[in-house]
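Structure, as structure tokens:
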Amino acid sequence: MNIENTIKNQIKQIEQQEAVSILYAVESGSRAWGFASQDSDYDVRFIYARPVKEYLQIAPPRDVLEYPLQGNLDISGWDILKALRLFQVSNPPLLEWLYSPIIYQESGTFAQELRLLAQQQASPQKVCRHYWSMSHNHYKDTIKGKEAVRSKKYLYALRPIICLRYIEQTTTLPPTSLLEAVAQIELAIEIREEVHALITQKQGSTELGEQSPNTLFNAFIEAELSRLNDWIPQLPHKESNQTALNTLLWQHLNLL
């Protein structure tokens, strides 16, 4: 049995064992971003709904389902209430789930409706602050000033900057796939070629080792972090429409 079938079987087993409906299940992390190594884990994330009566209790049910790592399969999920509350504050990991290129299960219209709401309601400023902090922290903690750098750390610092550039140039949320985002934005040819080469290297290996610092990447990351830090405060800060989210919730709990 191939890994995709294994994952789909696991999803069905979770539905049966937990008595939940899984509305949406996707790949997240490096495989969704498009630069997984040959031995990377499968990071499966899902959104589920319980029967209505489960929510009408003195002690509410847990809003997360998590399972021990099984080989290279890491699987966990969020309750629909948790997912919509996080959506309301423009949670970037959730938004990336919605645009994952690898979908294992999509039941009904929940994910599609949430994608439409995301384009209308996600706060550009909140999303961009998240990506800026992600790149800044990866760069500061694992690259800046180091005599040797693990090659994959550059991808973790560069991907958020590419996402920021995508938002800047298109005024829409970025695709989850790094290569897809790179293909759709203006980027210096030498940076584009280096990013492609690094992704190809990581995809073809079990784990990238250390290398001397990439001075081209270092200069690009530092310049972009400085420039984008001045740009982000100018972005609009949107608030999600709670009425629309409540309607979506009631619809998928069969209350409408």
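Keep in mind that the numbers below use all heavy atoms, side chains included, and drop hydrogens, waters and symmetry copies. Quick note: residue numbers are just sequence positions, from 1. These numbers were taken from a predicted model, which means no experiment stands behind them.
- Using a 4.5 Å heavy-atom cutoff, the side chains of L117 and N241 are not in contact.
- Comment: R165 does not engage E168 in a salt bridge, judged by the lack of any side-chain N to carboxylate O separation of less than 4.0 angstrom.
- P174 is listed as a side-chain neighbour of I167, based on a closest heavy-atom distance under 4.5 Å.
- Annotation: side chain of F220 is in contact with side chain of I161 (closest heavy-atom distance under 4.5 Å).
- Sequence neighbours left out, the pairs with a member in residues 213-223 that pass side-chain hydrogen bond (donor to acceptor under 3.5 Å, both in side chains) are Y139-E222, Y154-N218, E194-N214.
- Judged by distance alone, with hydrogens and angles left aside, the side-chain atoms of Q105 form no donor-acceptor pair with the main-chain N or O of A25 at under 3.5 Å.
- Applying the side chain to side chain contact (heavy atoms under 4.5 Å, CB included) test between L225 and each of N229, L228, I221 identifies I221 as the sole match.
- P93 has its side chain within reach of H130: a pair of non-hydrogen atoms, C-beta onward, lies under 4.5 Å apart.
- Panel note: side chain S135, backbone A157; a donor-acceptor pair is recorded below 3.5 Å.
- When all heavy atoms are compared, the tightest approach of G34 to I199 is O-CG2, 3.6 Å.
- Panel note: side chain E224, backbone I162; no donor-acceptor pair is recorded below 3.5 Å.
- Q203 contributes atom CD, which lies 6.5 Å from atom CG of L179 (distance to the nearest 0.5 angstrom).
- Note: the hydrophobic cluster containing L56 also contains I80 (ILVMFWY, side chain heavy atoms under 4.5 Å, direct or indirect links).
- Looking only at side-chain heavy atoms (C-beta outward), I143 and P213 stay at 4.5 Å or farther from each other.
- Under a hydrophobic-cluster definition in which Ile, Leu, Val, Met, Phe, Trp and Tyr are linked whenever side-chain heavy atoms come within less than 4.5 Å, directly or via other members, L116 and L248 are assigned to different clusters.
- In this structure a side-chain-to-backbone donor-acceptor pair under 3.5 Å is missing from Q119 to R115.
- Between the side chain of S100 and the backbone N or O of I102 there is at least one donor-acceptor pair closer than 3.5 Å.
- Q251 CD to T109 OG1: the interatomic distance, rounded to the nearest 0.5 Å, is 5.0 Å.
- Between F35 and W33, the angle of the ring planes lies from 30° to 60°, which puts this pair in the tilted group.
- The minimum heavy-atom distance linking D41 with R31 is given by the pair O-NE, 3.2 Å.
- The pair D74-R45 meets the salt-bridge criterion, with a side-chain N (NZ, NE, NH1 or NH2) lying under 4.0 Å from an Asp/Glu carboxylate O.
- Side chain of R50 to main chain of A19: no donor-acceptor pair is present (N/O by atom type, distance under 3.5 Å, no hydrogens or angles).
- A search for side chain to side chain contact (heavy atoms under 4.5 Å, CB included) contacts involving Q57 returns E54, P61, not counting sequence neighbours.
- K146 places none of its side-chain heavy atoms less than 4.5 Å from the side chain of E210.
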- Message: Please determine whether side chain to side chain contact (heavy atoms under 4.5 Å, CB included) holds for the pair Q10 and V44, giving the CA-CA distance in whole Å, both sets of side-chain angles, and the decisive distance to 0.1 Å.
- Response: CA-CA 10 Å; Q10 284 286 104; V44 181; over 6 Å; no

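- Expressed to the nearest 0.5 Å, how far CD1 of I185 lies from OH of Y166 amounts to 9.5 Å.
- Residue E190 places its CD atom among more than 12 non-hydrogen atoms of other residues, nucleotides or ligands, all under 6.0 Å distant.
- Residues L178 and I189 fall into different hydrophobic clusters, defined by Ile, Leu, Val, Met, Phe, Trp and Tyr side chains chained together at heavy-atom separations under 4.5 Å.
- Note that OG of S90 is 13.0 Å distant from CZ of R129, once rounded to the nearest 0.5 Å.
- Residues I7 and Y42 approach most closely at CD1-CD2, 4.1 Å, considering heavy atoms.
- The main-chain N or O of D43 is found under 3.5 Å from a side-chain atom of E27 such that the two form a donor-acceptor pair.
- Under a hydrophobic-cluster definition in which Ile, Leu, Val, Met, Phe, Trp and Tyr are linked whenever side-chain heavy atoms come within less than 4.5 Å, directly or via other members, M134 and L164 are assigned to different clusters.
- Side-chain contact between I75 and F46: present, with at least one pair of heavy atoms (C-beta onward) separated by less than 4.5 Å.
- Annotation for K82: atom NZ counts as buried by contact number, over 12 foreign heavy atoms lying within 6.0 Å.
- At least one donor-acceptor pair closer than 3.5 Å links the side chain of S40 to the backbone N or O of S37.
- For residues 84-127, the pairs satisfying ring pair (Phe, Tyr, Trp, His ring centres under 6.0 Å) are W78-W97, F110-H252, with sequence neighbours left out.
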- Mind running side chain to side chain contact (heavy atoms under 4.5 Å, CB included) on V182 and R192 for me, showing each step along the way? CA-CA 7 Å; V182 167; R192 188 186 304 277; 3.6 Å; yes

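- Counting heavy atoms from C-beta outward, Y55 and D79 have side chains that approach closer than 4.5 Å.
- The pair R159-E96 counts as a salt bridge, with a side-chain nitrogen and a carboxylate oxygen less than 4.0 angstrom apart.
- Taking CG from L235 and OG from S123, the interatomic distance works out to 8.0 Å, rounded to the nearest 0.5 Å.
- Smallest separation of non-hydrogen atoms from G71 and L69: O-CG, 3.5 Å.
- S107 places a side-chain N or O within 3.5 Å of a backbone atom of I22 that can act as its donor or acceptor partner.
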- Task: Determine, step by step, whether K126 and V89 satisfy the side chain to side chain contact (heavy atoms under 4.5 Å, CB included) criterion, reporting the C-alpha distance in whole Å, the side-chain angles of both residues, the deciding distance to 0.1 Å, and the verdict.
- Result: CA-CA 8 Å; K126 279 188 177 180; V89 295; 3.9 Å; yes

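- Hydrophobic clustering (ILVMFWY, side-chain heavy atoms < 4.5 Å, transitive): L23 and V64 are in one cluster.
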- Task: Test side chain to side chain contact (heavy atoms under 4.5 Å, CB included) on Q88 and Q242 and set out the steps.
- Result: CA-CA 8 Å; Q88 192 174 13; Q242 196 170 98; 3.0 Å; yes

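- With rounding to the nearest 0.5 Å, the separation of OH in Y131 from CD1 in I232 is 12.0 Å.
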